[in-house]
Structure formats: structure tokens, C-alpha cells
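Written out below as C-alpha cells is the structure these notes cover.
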Amino acid sequence: MEIIHVSAECYPVAKAGGLGDVVGALPKYQTELGHIAKVVMPMYRTKFLYNNQWETVHKGYTHLGNWWYHYTVIKEKTNKLGFDLYLVDINGLLDREKIYGYGDDTERFTAFQVAVVDWLSAWKHHPDIVHVHDHHTALIPFMLQHCYAYQHLAGIRTVLTIHNAQYQGWMGWDKSHYIPAWDSWKAGLLEWNKAINPLASGIKCAWKVTTVSPTYLAEMRQSAAGLEALLEYEKGKCSGILNGIDTTVWDPSTDIYFEHHYTPDTVEEGKQRNKELLCERFGLDPKKPLITFIGRLVGEKGADLLPQAIEDSFYYIGRKMNFLILGSGFPAIESRLLTMKGLSRGDYNVYIGYDEGLSHLIYAGADFIMMPSRVEPCGLNQLYALRYGTIPVVRNTGGLHDTVIDYGDKNGYGIRFNNATVGDMTHGIWRAVELYQQSEKRKDIRRRILQLDFSWEASVRSYLELYAS
Ligand code: ADP
């Protein structure tokens with residue numbers, strides 16, 4: 001099969017979160033199984049762009065409403081990522097340093113989608129599947145079927161994967177002319193709650209819809225930022241396929257981001273050395289358990305609970321543990337976490353920002369990782385943590401429910417709590433400290449989690465079966 005993934009992110013080209021990891025890995029494994037998987041994404045000004053060689057494969061001219069623009073499609077020359085990578089350059093619109101966060105993101109991603117469809121329409125053959133990811137690319141199924149200029153593409157099968165339903169890409173009807181002339185009888189396929197909702201449109205128009213874990217799919221029918229009724233209605237074409245992890249990028253025995261590598265046989269010494277390095281850098285105590293949080297500092301991830309849960313832990317459990325936080329996001333959470341540095345007695349620190357290398361070192365050196373998420377479509381942090389022998393302390397929701405079993409249960413290996421509250425989280429931290437003190441039990445759990453397999457193999461097969469259907 002020939003599969004075209006269209007996405008706003010793809011690791012290592014540009015990544016803001018789990019979407020980038022998935023789109024950087026899934027096509028690679030599909031290619032390994034003998035399929036042709038390609039990724040098309042916007043050309044941002046990233047290091048990857050400047051450090052690699054490119055050839056121009058297409059130049060086109062199209063329009064976003066009344067604004068006509070040239071676009072260029074370039075292809076990475078050496079197949080460095082294990083699949084064909086194409087970048088779409090739209091001068092002045094996409095070629096910026098950040099992926100998101102500009103006032104004209106609606107225009108940027110709509111123009112990107114129009115360019116992708118326009119490019120596909122110039123192909124001499126049709127791909128078997130166009131697989132779009134999240135709202136930034138979710139108007140493509142509609143465009144392929146209902147734009148007059150692209151009628152010849154209407155038969156192409158499309159799949160939408162929802163990595164996060166909280167972000168839907170709403171735009172007003174005043175922007176409906178951004179979509180190339182379309183059959184106005186089909187307005188209902190763009191609309192949700194009186195506006196154009198790209199994610200809802202993707203759910204309505206894609207041939208199949210997937211989410212990144214079975215539990216998240218079930219939860220979305222109850223709560224999906226306004227889309228629950230639509231997901232209930234369309235449930236016949238929806239399925240939940242758990243993400244895998246790229247076990248070549250995420251491997252403690254070869255990781256390019258730190259020196260002290262380890263295998264299951266050397267996990268205790270290996271983790272201790274990485275922990276000492278971290279503790280030295282961040283002024284922490286390597287004799288105490290190191291508990292971390294890595295991720296976006298937003299309510300969805302339960303990051304607002306962190307400051308109080310850490311303070312309560314110090315107060316009620318005692319200063320028996322270290323905390324190290326890596327993340328960025330909501331300014332009020334960032335500033336409270338920074339202020340708390342003043343209260344540290346060599347047992348708390350925070351790094352505000354995005355740092356891929358540091359995240360790898362923390363997965364390697366930490367004893368526990370906290371994920372008090374309110375919503376967690378799949379969650380990759382707990383999977384990376386498990387791969388690095390770090391025990392996850394998670395809220396029982398979405399993909400965390402599907403991947404972490406409490407160590408108190410049969411075959412369990414993590415710590416799970418039910419509510420996104422300071423009390424539940426502090427209790428989870430208390431259990432982590434207790435577990436740390438029982439060193440034989442902790443070592444046994446570490447040995448077992450290193451045997452778990454969350455690689456892509458099973459998930460890739462599920463995607464291929466879905467395409468075939
Ligand atoms: P999200 O909802 O943010 O996509 P996921 O758990 O699916 O959450 O993926 C998060 C990914 O982003 C992981 O690879 C994690 O290590 C990475 N990440 C998040 N925040 C940071 C940060 N501040 N620095 C480095 N990596 C980060």
C-alpha cells in the first residue's frame with residue numbers, strides 16, 4: 001500500500017508533543033513491513049531543514065480565499081528517517097521557527113492543507129490511503145470529496161487519527177472561502193456548533209477514525225470538548241489503536257542524549273549514575289528517590305496540581321524525596337513552580353522550557369514519573385519511562401489506564417490513582433516513597449518493567465488491517 005501521512009509535526013524534524021513522536025515512527029515501521037509510507041508536513045525553519053539535503057519535487061500555485069500563493073514541495077534526499085519526507089514551503093506563512101502559537105495559525109494550516117491537496121491532484125496516480133493527524137490536517141478528507149477542483153481525488157480513502165480532541169481548530173464561517181470552491185450543500189460536513197470545526201469535519205468525512213488508545217475512545221463519548229455526541233453517532237467507524245514507541249530512538253543502551261548507558265542487567269548501576277549526574281546539575285540529593293514530571297504545564301496534564309502536591313508531600317510525608325520538573329506552558333503554573341525553588345532544601349528544582357536531551361536523561365535517571373493527567377489520549381511519557389526502568393505514578397485515565405497496572409494488582413508494575421486531586425496525587429507520591437524504601441521489591445519491579453513491550457509492531461499491524469478494511 002502507499003500511505004501518505006499528513007501532519008503538523010514529525011520527530012526529529014519538528015515536535016511539540018506526542019503527535020511528533022507518532023508521525024516520526026509509524027511510517028518507519030510501515031515501510032519496514034514493505035509498504036510505501038510518506039510524510040508530508042509544513043516546512044518550518046528548523047535545524048533539521050538546514051542540516052539536510054533537499055530536492056524540489058513540485059512547484060504549484062493555488063489560493064487561500066482571495067490570496068494567491070506559490071508553494072514548493074521539497075523531499076529529503078537520503079531517506080534519513082527510513083521513509084520519504086516531504087516539506088511544503090509557503091513563503092512567509094509556514095517558514096517560521098515555532099510550529100504553533102501564531103495569530104494566523106488558521107491561515108497557515110489551511111493554506112498548508114490546500115497546498116497538499118493541490119499537489120496530490122497533480123500526481124499521475126492515487127495513493128491508497130491519505131492518513132491525516134489532528135485538526136491541522138483534518139479538513140483534507142472534506143476537500144478531497146467536496147471541492148470541485150479535486151473531484152478526481154474523491155475516491156481516495158482517508159483515515160483521521162485523533163491524538164488530542166481538546167484542540168479542534170475552530171474557525172468562523174467568514175473564513176469558509178479559504179476552502180477551494182466547494183459544494184455548499186455540504187456545509188453540514190464542515191460545521192459543528194455553528195462554526196467550521198476542522199476536527200469534527202474530519203470525523204464526519206474520513207472513511208475511518210482512530211484515537212490513540214481504546215480507553216480514550218470510550219471516554220470521548222462522554223467528554224470530548226463538545227464532540228461527544230458526534231463521536232457517539234460515528235462510533236461505527238471509530239477504533240482505538242494504542243501508540244507504540246520508537247525503540248531505536250528510545251533505548252537506554254544506545255540513547256544519543258546521555259553517556260551512561262545501561263541494559264536490563266545493569267539497570268541499577270546505570271540509573272544511579274544518571275541520577276547522580278542529574279542531582280549534581282540540579283542541586284538534589286542522590287540518596288533520596290527522584291520523582292519527576294515531564295510535559296506541557298497545562299490543566300489537561302494536571303500540571304496545576306503539582307505545586308500543592310509537592311508542598312503537601314514535603315509537609316505530610318517529610319523531606320524524603322526529590323522533585324525535578326521539566327516543562328513549559330501556562331504562565332501561572334510556570335511562575336509558581338519557579339517560586340517554589342526558594343523553598344528547596346536541596347530536594348526540588350524545575351527547568352522551564354523544552355529540552356529533548358534533558359528529557360531523555362531524566363527518563364534514565366529518575367526513579368518515578370508523575371502523570372496526574374485529567375485527559376490522556378495515550379501518553380508516551382509513561383511508555384518511555386517504563387522502557388528506561390522508571391516507575392510511573394499515574395491517574396487512571398485514557399491511555400494510562402491501558403498501559404499501567406498498579407503494582408498492588410496481579411502482574412502490576414506502576415502506581416495508579418483515580419482522581420486528579422492534590423490528595424490522590426500526594427497519596428501516590430507517598431506510595432512511591434514507600435516502594436523506594438523496599439529496595440528488593442523496587443528492583444524486582446524495575447526488572448519486570450524492562451521486559452514489557454510497547455514497541456510499534458502490534459499497533460502497526462492494527463493500522464494496516466484498518467487500511468485494508
Ligand atoms: P502530549 O499530549 O504533550 O502530546 P504525550 O505524552 O503524548 O503528550 O507526549 C509528550 C512528548 O513530549 C514526550 O516525548 C515528552 O518527553 C515530550 N515533552 C513534553 N514536554 C517536554 C519538554 N518540556 N522537554 C522535552 N520533552 C518534552
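Residue numbers start at 1 and run along the sequence shown. Ligands are counted one by one from 1 in listed order, and the atoms in each one are counted from 1 as well.
If you look at His360 and Trp250, their ring centroids are closer than 6.0 Å. Aromatic pair His131/Tyr463: ring centres closer than 6.0 Å. For His135 and Phe109, the ring centers are positioned 6.0 Å apart or more.
Residue contacts with ligand 1: Lys15 is included, with a non-hydrogen atom under 4.0 Å away. Within the 4.0 Å heavy-atom cutoff, Tyr351 does not count among the residues contacting ligand 1. Within the structure, the closest approach of Met371 to ligand 1 does not fall below 4.0 Å when heavy atoms are considered.
For ligand 1, the atoms lying closer than 4.0 Å to a non-hydrogen atom of Arg296 are 1 (P), 2 (O), 3 (O). Less than 4.0 angstrom separates some heavy atom of Lys301 from each of these atoms of ligand 1: 1 (P), 2 (O), 3 (O), 8 (O). For ligand 1 and Gly327, the ligand atoms under 4.0 Å from any heavy atom of the residue are 23 (N). Residue Gly353 approaches ligand 1 through these ligand atoms, each under 4.0 Å from one of its heavy atoms: 22 (C), 23 (N). When each atom of ligand 1 is checked for a heavy atom of Gly379 under 4.0 Å away, the hits are 6 (O).
Not one N or O of Glu356 is nearer than 3.5 Å to an N or O of ligand 1, by distance alone. For the pair Ser328 and ligand 1, the shortest N or O to N or O distance does not fall below 3.5 Å. Checked by distance only, ligand 1 and Asp355 come closer than 3.5 Å through their nitrogen or oxygen atoms. On a distance-only criterion, Leu380 and ligand 1 share at least one N/O pair closer than 3.5 Å.
Closest heavy-atom approach to atom 20 (N) of ligand 1 within the set Gly295, Gly18, Pro377: this belongs to Gly295. The option from Tyr363, Trp250, Tyr354, Tyr167 that lies nearest to atom 21 (C) of ligand 1, judged by heavy atoms, is Tyr354.
Residue Arg273 places its CZ atom among 12 or fewer non-hydrogen atoms of other residues, nucleotides or ligands, all under 6.0 Å distant.
Side-chain atoms of Leu33 and Leu464, non-hydrogen and from C-beta on, do get closer than 4.5 Å to each other. Contact check for Val132 versus Thr158: no side-chain heavy atoms found under the 4.5 Å cut-off.
Asn418 is linked by a side chain to side chain contact (heavy atoms under 4.5 Å, CB included) to Asn396, Asp424, counting only residues two or more places apart in sequence or in another chain. Scored by the side chain to side chain contact (heavy atoms under 4.5 Å, CB included) test, Thr263 finds Ser253, Asp265, Thr266 as partners (sequence neighbours excluded).
Between the side chain of Tyr348 and the backbone N or O of Leu337, at least one donor-acceptor pair lies under 3.5 Å. Remark: side-chain polar atoms of His35 are paired, donor with acceptor, to backbone N or O of Met1 under 3.5 angstrom.
Contacts with ligand 1 closer than 4.0 Å are made by no heavy atom of Leu358, backbone or side chain.
The nearest protein atom to atom 10 (C) of ligand 1, hydrogens excluded, is given as Asn381 OD1, 3.5 Å; this is a heavy-atom distance.
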